[in-house]
Amino acid sequence: TDSYPGLTRDSRFSKLTPEHVAFFKEFLGQDSTVIDGVNADAAADIEPFNEDWMHKYKGQCRLVLKPGSTEEVSKILRYCNENMLAVVPQGGNTGLVGGSIPVFDEIVISMGRMNTIHSFDEMSGSLVLDAGCILEVADQHVAERGYIFPLDLGAKGSCQVGGNVSTNAGGLRLLRYGSLHGSVLGMEAVLPDGTIMNDMCTLRKNNTGYDLKQLLIGAEGTLGIITKLVVQCAQRSPAINVALFGIESYEKAQKAFREAKLQLSEILSAFELMDGTSQRIVHQVRGGTKPLENDYPFYCLVETSGSNSEHDYEKLEKFLEDVMSNEVIADGVVAQDATQIKTLWSWREGITECIGHWGGTYKYDVSIPLSDMYLIVHDVKARLSDAGLLGETDHHPVVDVLGYGHMGDSNLHLNIPVRRYDKEVEKVLEPYVYEWIEKRQGSISAEHGLGLAKKNYIGYSRNETMIGLMKQIKTLYDPNGIMNPYKYI
Ligand code: FAD
Ligand code: MLT
Ligand code: ZN
């Protein structure tokens, strides 16, 4: 949609004038560093910055700035703060909650030009890089030196490390490498008044007072702009194995996970869940040979990363034998080489794109205790069916209801692919889904953040006191409220 009911433009913010634009052009240059839709007819060039990956949110920004250095970011923010111009930091624009898109006419500050990898310490594994570096490029850089970036996700080819840290992205191997709250060792950021916060510690331990960078990890661009990072990378495992299982019930999937932790322990690096619907859709949209002959209601993808190929493969085979003979899993396949590993992963990583095939998808990214986790898919499906909204004809807005996600982290992605975004569907889903999660003390956002999509629902996962404290911090760092306004805070 291009209008947001209940939201009005904050009249405290200035409207962009030719004088403002001239100021930015003077020090950033005229060409690709400033996309000026105020006077020139750059509408087409500006549109990609006004629309999110899901084509769900649309902004009305008329100016995109592409700073090339921390000093330029600082100069931009100081000027915006003094002139009450609202801004939205934008990385790779792959976020799934509308956080990187302007709501009205906020200026987009696009970070892609700040993409230098500064240094890598092969002894400690600490990587110093600009926030605008693409995740895959950063991982490639450390891979050549025997290390792995501690985060991996389906959007790795276009998301930026600054965006990853700003959303505190979790991804496919959080189970193994932990959250970015642990692996970000240092940060440089520019605060809304232009102050450069330099906390570029490259060491693992630093207990010297408040760890302020933690506030910006997951702040979704509401406190400042991250310009540089120090990231602790792990030793890359030389032996990777991947298996995919077909499973008859969610109870058995839980057993398989418990058994995987027991038997694979230190070499387990991912445990992902895909339901039958998600795999049927990937097959329907993309084609290709299915990894297992028969269809199952659930599939799990298990990855091990260790240092001894033979030993790890043996462990995985023994695990497979055990869970098959105990009828925990119904069928399974182990990748025989790197190409097959990639293919098996594609059945998991391809879901996000394939479920958008019919027009869009309502996405809920939730943490729920494992025992109840999949139940929400059944409940939501029944609710949409009862409302007459789910079906096979064009008349029905809802195509299906499905779940997949990071089972190893109790993180489910509940998705409702639709033929069109529809107010009736929204009314059936919300606040029902959030109430469901609240009842089970879950989180309404496990890893994607709140952005615009979930701004009205933070209260389902955080109490009044917590929200009040967040507001105090926001006011302290950004008293004029210019940083990514109208979003969750
Ligand atoms: P953007 O989308 O550009 O921005 C995201 C937020 O961060 C916005 O609020 C923006 O204002 C802010 N921001 C961006 N850069 C900066 C900066 N330098 N300083 C301050 N604020 C900034 N997420 C997961 O957690 N796990 C997954 O497994 C996962 N898989 C995905 C798979 C696909 C196919 C897609 C499309 C998305 C996936 N995501 C996943 C969503 C995830 O949030 C993003 O992919 C990624 O973390 C966002 O990075 P980005 O550079 O695209 O940021
Ligand atoms: C994933 O795990 O695939 C991502 O978080 C994206 C999604 O939720 O679709
Ligand atoms: Zn995810």
Side-chain angles (χ1 to χ4, degrees), residues 48-49 52-54 57 67 70 73 77 87-102 106 108-112 114-115 130-135 151-174 179-180 187-192 216-229 270 272-274 278 301 345 348-356 361-367 402-409 411-415 417 445-453 455 483-489:
F49 299 90
D52 69 313
W53 190 87
M54 300 176 293
Y57 302 96
T70 305
V73 175
L77 285 188
V87 304
V88 178
Q90 195 173 94
N93 199 12
T94 66
L96 298 171
V97 289
S100 53
I101 299 299
E106 301 89 274
V108 167
I109 301 179
S110 176
M111 297 301 289
M114 293 183 63
N115 61 358
D130 281 352
C133 287
I134 302 281
L135 174 60
L151 170 77
D152 186 17
L153 44 81
K156 56 182 153 277
S158 29
C159 64
Q160 299 174 5
V161 294
N164 297 145
V165 171
S166 299
T167 48
N168 186 26
L172 305 165
R173 286 189 197 83
L174 187 136
S179 137
L180 289 171
M187 179 189 289
E188 178 194 79
V190 181
L191 302 180
L216 278 93
I217 302 176
E220 301 182 57
T222 61
L223 294 179
I225 297 191
I226 298 174
T227 45
K228 280 198 187 72
L229 289 161
E272 297 282 312
L273 176 81
M274 299 93 90
S278 73
L301 185 148
W345 264 116
R348 166 63 185 88
E349 290 185 86
I351 301 172
T352 312
E353 194 160 350
C354 291
I355 55 180
T361 175
Y362 288 100
K363 296 188 85 68
Y364 299 94
D365 155 43
V366 307
S367 276
L402 57 102
Y404 56 94
H406 316 291
M407 186 164 184
D409 313 317
N411 176 190
L412 181 82
H413 297 308
L414 162 71
N415 278 255
S445 172
E447 58 171 9
H448 296 163
L450 297 163
L452 187 59
K455 74 171 256 155
M483 289 298 310
N484 215 355
Y486 317 108
K487 305 290 163 55
Y488 71 94
I489 193 123

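Counting starts at 1 for both ligands and their atoms, following the listed order. Quick caveat, the model's predicted, so the values are computed rather than measured.
Residue contacts with ligand 2 do not include L172, since none of its heavy atoms lies under 4.0 Å from the ligand. Every heavy atom of K487 sits 4.0 Å or more from the atoms of ligand 1. Remark: distances from the non-hydrogen atoms of G224 to ligand 1 include one below 4.0 Å. Under a 4.0 angstrom heavy-atom cut-off, G170 registers as being in contact with ligand 1. Residue contacts with ligand 1: L172 is excluded, as none of its non-hydrogen atoms falls under 4.0 Å.
The shortest N or O to N or O distance between N164 and ligand 1 is under 3.5 Å. Considering backbone and side-chain atoms alike, G95 places an N or O below 3.5 Å from some N or O of ligand 1. Annotation: E447 places an N or O atom under 3.5 Å from an N or O atom of ligand 2; distance criterion only. For ligand 1, the polar-atom distance check finds no N/O of V88 at less than 3.5 Å from any of the ligand's N/O atoms. By the 3.5 Å distance cut-off applied to N or O atoms, T94 is counted among the residues near ligand 1. Among the atoms of E447, some N or O lies under 3.5 angstrom from an N or O of ligand 1. Ligand 1 has a nitrogen or oxygen under 3.5 angstrom from a nitrogen or oxygen of E220. For a threshold of 3.5 Å applied to N or O pairs, the pair formed by G92 and ligand 1 contains at least one separation below that value. Checking only distances, G91 does come within under 3.5 Å of ligand 1, N or O to N or O. Considering both main-chain and side-chain atoms, Q160 comes within under 3.5 Å of ligand 1 through a nitrogen or oxygen pair. In terms of polar-atom proximity, A155 is not counted as a contact of ligand 1, lacking any N or O under 3.5 Å from an N or O of the ligand.
By the criterion of a heavy-atom distance under 4.0 Å, the side chain of H406, and not its backbone, is placed next to ligand 1. Residue contacts with ligand 1, taken as heavy atom pairs separated by less than 4.0 Å, involve H448 solely via side-chain atoms from C-beta onward. When heavy-atom distances to ligand 2 are checked against a 4.0 Å cut-off, H406 comes that close only through its side chain, counted from C-beta outward. The residue N415 has no part lying near ligand 2, judged by heavy-atom distances below 4.0 Å.
Proximity of a side-chain donor or acceptor of S278 to a complementary backbone N or O of M274 within less than 3.5 Å is not detected.
The distance from ligand 1 to the heavy atoms of G99 drops below 4.0 Å at these ligand atoms: 8 (C), 9 (O), 11 (O). In the vicinity of K363, heavy-atom distances shorter than 4.0 Å reach the ligand 2 atoms 7 (C), 8 (O), 9 (O). Within ligand 1, the atoms closer than 4.0 Å to a non-hydrogen atom of I225 are 19 (N), 20 (C), numbered from 1 in the order shown. Within ligand 2, counting atoms from 1 as listed, the ones closer than 4.0 Å to a heavy atom of H413 are 1 (C), 2 (O), 4 (C), 5 (O), 8 (O). Listed by number with element, the atoms of ligand 1 under 4.0 angstrom from any heavy atom of M111 are 18 (N). Atoms of ligand 1 lying under 4.0 Å from any heavy atom of L153, numbered from 1 in the order shown and given with element: 23 (N), 24 (C), 26 (N), 27 (C), 28 (O), 29 (C), 30 (N), 40 (C), 45 (O). Every atom of ligand 1 with a heavy atom of S166 under 4.0 Å away is listed here by number and element: 7 (O), 12 (C), 13 (N), 16 (C), 17 (C), 19 (N), 20 (C), 21 (N), 22 (C). Of all atoms in ligand 1, numbered sequentially from 1 with element shown, those under 4.0 Å from a heavy atom of G221 are 20 (C), 21 (N).
With S100, G98, P89 as candidates, the residue nearest to atom 4 (O) of ligand 1 on a non-hydrogen basis is S100. The residue from V108, L96, D130 that puts a heavy atom closest to atom 39 (N) of ligand 1 is L96. Taking each of N484, I226, L450 in turn, the one with a heavy atom nearest to atom 18 (N) of ligand 1 proves to be I226.
Side chains of E272 and R348 form a contact here, defined as non-hydrogen atoms less than 4.5 Å apart.
With hydrogens left out, the protein atom closest to atom 8 (O) of ligand 2 is H448 CE1, 3.1 Å, a heavy atom. Of the protein's non-hydrogen atoms, the one nearest atom 6 (C) of ligand 2 is T352 OG1, 3.4 Å. At the shortest separation from atom 1 (C) of ligand 2 among protein heavy atoms lies R348 NH2, 3.4 Å. In this structure, atom 9 (O) of ligand 2 lies nearest to the protein heavy atom Y404 OH, 2.5 Å.
Sequence neighbours left out, the pairs with a member in residues 153-174 that pass salt bridge (charged side-chain N to carboxylate O under 4.0 Å, His left out) are D152-K156, D152-R173, K156-E349, R173-E303.
Of the options L174, V165, L135, a side chain to side chain contact (heavy atoms under 4.5 Å, CB included) to L151 is made by L135 and by none of the others.
Atoms of the protein (N, O or S only) found under 2.8 Å from the Zn ion (ligand 3) are H406 NE2, H413 NE2, E447 OE2.
Aromatic ring orientation, Y404 versus H413: tilted (interplanar angle from 30° to 60°).
Considering all non-hydrogen atoms of both residues, V97 and E220 come closest at CG2-OE1, 3.9 Å.
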